[in-house]
Q: 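Sharing a structure with you now.
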Amino acid sequence: MNIIIPMKRVPDTAIQVTVKDGRVLLDEVETWVINPYDEYAIEEALRLIERQGEGKIIIVTIGPEAAQETIRKALAMGAHEAYHLLDDAFEQLDPLGRARVLAAAIEKIGEYDLIWPGFKGVDNDEGQTGVMVAEFLGLPHVSTAITVEEVADGHAVVKAEAEGGYRRVRVPLPAVVTQTQGPNEPRYPTLRGIMGAKKKPLTVWNADDVGVDRDELEPVVEVLSVERPPARKAGRILEGEPEDVAKELVRLLHEEAKVI
Amino acid sequence: MTADPYAELRDGVRRLCARFPDHYWRRVDGDGAYPTEFVQAMTEAGYLAALIPEEYGGAGLGVAEASVILEEVNRSGGNAAACHAQMYIMGTLLRHGSEAQKRAYLPAIARGEVRLQAFGVTEPDAGSDTAAIRTTAVRRGDRYVIRGQKIWTSRAQHSDLMLLLARTTPLDQVRRRTDGLSIFLVDLREAVGQGLTIRPIETMINHHTCELFFDDLEVPADNLIGEEGKGFTYLLDGLNAERILIAAECIGDGYWFIERATQYARQRVVFGRPIGQNQGVQFPLARAYAHVRAADLMRFEAARRFDAGLPCGPEANMAKLLAADASWEAANAALQTFGGFGFAREYDIERKFRETRLYQVAPVSTNLILAYIAHKVLGLPKSY
């Protein structure tokens, strides 16, 4: 069983990025991490392989030279090999372009049963790429998966989110499954994993290698600006006897906030 | 783009440590508990077997990498002292043990099934004057019989095996005072109650250190490490690795203090501006940071020499001295920056402050390092 995980590197979620003139200053970001939803996918894929007793996880990442560090982290977790899609033409992709490049690379890799990215990147929160990869490849897809429970008889059984509960669906393989937060905290690498990651195959492909036309990668969606939400005003604390405070609260909600 | 050759290793340790946040360490400190879950995680991830050669199931890494691992533990707000000895005490076994001993113990230590993280050296009447120890081991048939007492043997209650330094030839029958000492491997699981009593000592930090009483404890003669009478030499050549690793913990502490203090100094507003805008607050932090960075360089110089098999006594000792001083300076600067809040347990400054103070005293006191540098490096008359 071959599982391909299109993985994105995103600014460390623990840091605050700088937003200036309607843009995020990505050059200033020092630490990059595996997109958390992709990391949940890797964890669930590793567990699936452990349960099934066989299988291989292949990471595919679009990104600059430095993205290799993030790719190595996925290999240290236990992924088996990786493809780094590196080309100047890949620098300013919109979700459509990203899906086009990923789909071409996946087609070139050839053998796969599951394509299993996170359901969105936590940088732009677009949530389009995985679904569009399925379209490009003409594959069925299951979105907001919690995990793939089982792979048997050419089908996968996927547990996915539904409002207020779960849905369990069966889908023929190959298929695209996009991962939401999984039930298991992604593992941290072991020392053996970190050392072994350096020896695992990592192939670098450019636009010519994957066979995409650079002219087709022009973004069709233009981001006009990125903005922070307006700063929230400080709250007010009412003091006094409970009865008086309650009355005053109701009055303020009615007259000032106009919510009741 | 980072040029740090240890970036991946640091990242891995950080991710493990992130599962053990401040409140975890605050709780074990408050309860006087051993951080079992943390030590378990470190063991399972293979970090404590970093220095064990690959043929015995370890990672076969150098002291430089091992030091980065321990640095990151302390830098995360944790306390590597709970488990650092699992890394380096086995070095004595590795360098001087027989092949049979190594095959019997090292793979199990690497897998974490067996803990070897106690080394009984210091005694109530012999502090840094190791040759003056009074614990004796007397050969009787195929066994040695051990009598005596040890103090400040850390983690003895959380270890399966310990190494023990004992005198096998009486002081008045040896040519040099340091002759006639031997190292034994003691299986604590069998020894406790059979001639060994362990009594924990309560201390100002959560360190799990003990007094040990040996009352005719019998140890198989096969458990002698190397040759009888050469224990002091074996002990000495394990010390450089220990110095470098402890220096790294100090450096981790130093970075932790400075990071917490600068963060606080940026946010804490007094007299209408962040206190970090005042030079009286800035300068001590800047100075401490410079000293931590300098100690960091000396640590890597010492580790480089150690891993290349070059003599590194002066560098290892200086790294420990500089790092311990720098972490203590950073601790004080941080406590001063936090003011009253630094004393509140929930800020963790007071805990780390207590923990890093230990490094002025153990595993080697600052004075002894100075005496060593004065004598061995500068050629001044011996003072100790």
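Each chain gets a letter, A, B and so on, in the order its sequence line appears, and its residues count up from 1. From a predicted model like this one, the values you see are computed outputs, not experimental measurements.
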Q: Does Arg14(B) CZ have over 12 foreign heavy atoms under 6.0 Å away?
A: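 Check passes, neighbour count above 12.
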
Q: Please look at Glu185(A) and chain B and tell me whether the side chain, the backbone, both or neither of the residue comes under 4.5 angstrom of a heavy atom of that chain.
A: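 Contact with chain B is through both the backbone and side chain of Glu185(A).
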
Q: If you tally heavy-atom pairs under 4.5 Å against chain B, which of Glu30(A), Arg72(A), Lys73(A) wins?
A: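 Ranked by contacts with chain B, first place is Lys73(A).
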
Q: About how many Å separate CZ of Arg192(A) and CD of Glu54(B), when rounded to the nearest 0.5 Å?
A: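 Between Glu54(B) CD and Arg192(A) CZ, I get 7.5 Å after rounding to 0.5 Å.
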
Q: Name the region of Pro186(A), side chain, backbone, both or neither, that has any atom closer than 4.5 Å to a heavy atom of chain B.
A: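 Interface part for Pro186(A): backbone (N, CA, C, O).
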
Q: Any side-chain heavy atom of Arg15(B) sitting closer than 4.5 Å to one from Met77(A)?
A: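 Yes, close enough: below the 4.5 Å cut-off.
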
Q: If you count heavy atoms of other groups shown closer than 6.0 angstrom to CD of Glu239(A), is the number above 12?
A: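 12 or below, so no.
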
Q: Which atoms of Ala50(B) come close to chain A, meaning under 4.5 Å heavy atom to heavy atom: side chain ones, backbone ones, both, or neither?
A: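 Both the backbone and the side chain of Ala50(B) come within 4.5 Å of chain A.
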
Q: Flag yes if more than 12 heavy atoms outside Arg19(B) fall under 6.0 Å of its CZ atom; otherwise flag no.
A: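 Result for CZ/Arg19(B): enclosed.
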
Q: With a cut-off of 6.0 Å (strictly less than), are more than 12 heavy atoms of other residues, nucleotides or ligands near CD of Gln92(A)?
A: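 No - once you tally the heavy atoms of other residues, nucleotides and ligands closer than 6.0 Å, there are 12 at most.
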
Q: Would you call Leu9(B) and Leu191(A) a side-chain contact if the rule is heavy atoms closer than 4.5 Å?
A: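 A side-chain contact under 4.5 Å exists here.
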
Q: Would you give the length of the straight line joining atom CD of Glu8(B) to atom NZ of Lys198(A), rounded to the nearest 0.5 angstrom?
A: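 It comes to 5.0 Å.
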
Q: Please report the closest heavy-atom contact between Leu61(B) and Met195(A), naming both atoms and the distance.
A: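 Of all heavy-atom pairs spanning Leu61(B) and Met195(A), the closest is CD2-CE, 3.8 Å.
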
Q: Rounded to the nearest 0.5 Å, how far apart are CG of Asp11(B) and CD1 of Ile194(A)?
A: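 These two atoms lie 7.5 Å from each other.
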
Q: How far apart are the closest heavy atoms of Ala45(B) and Pro189(A), and which atoms are they?
A: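 The answer is CB-O, 4.5 Å.
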
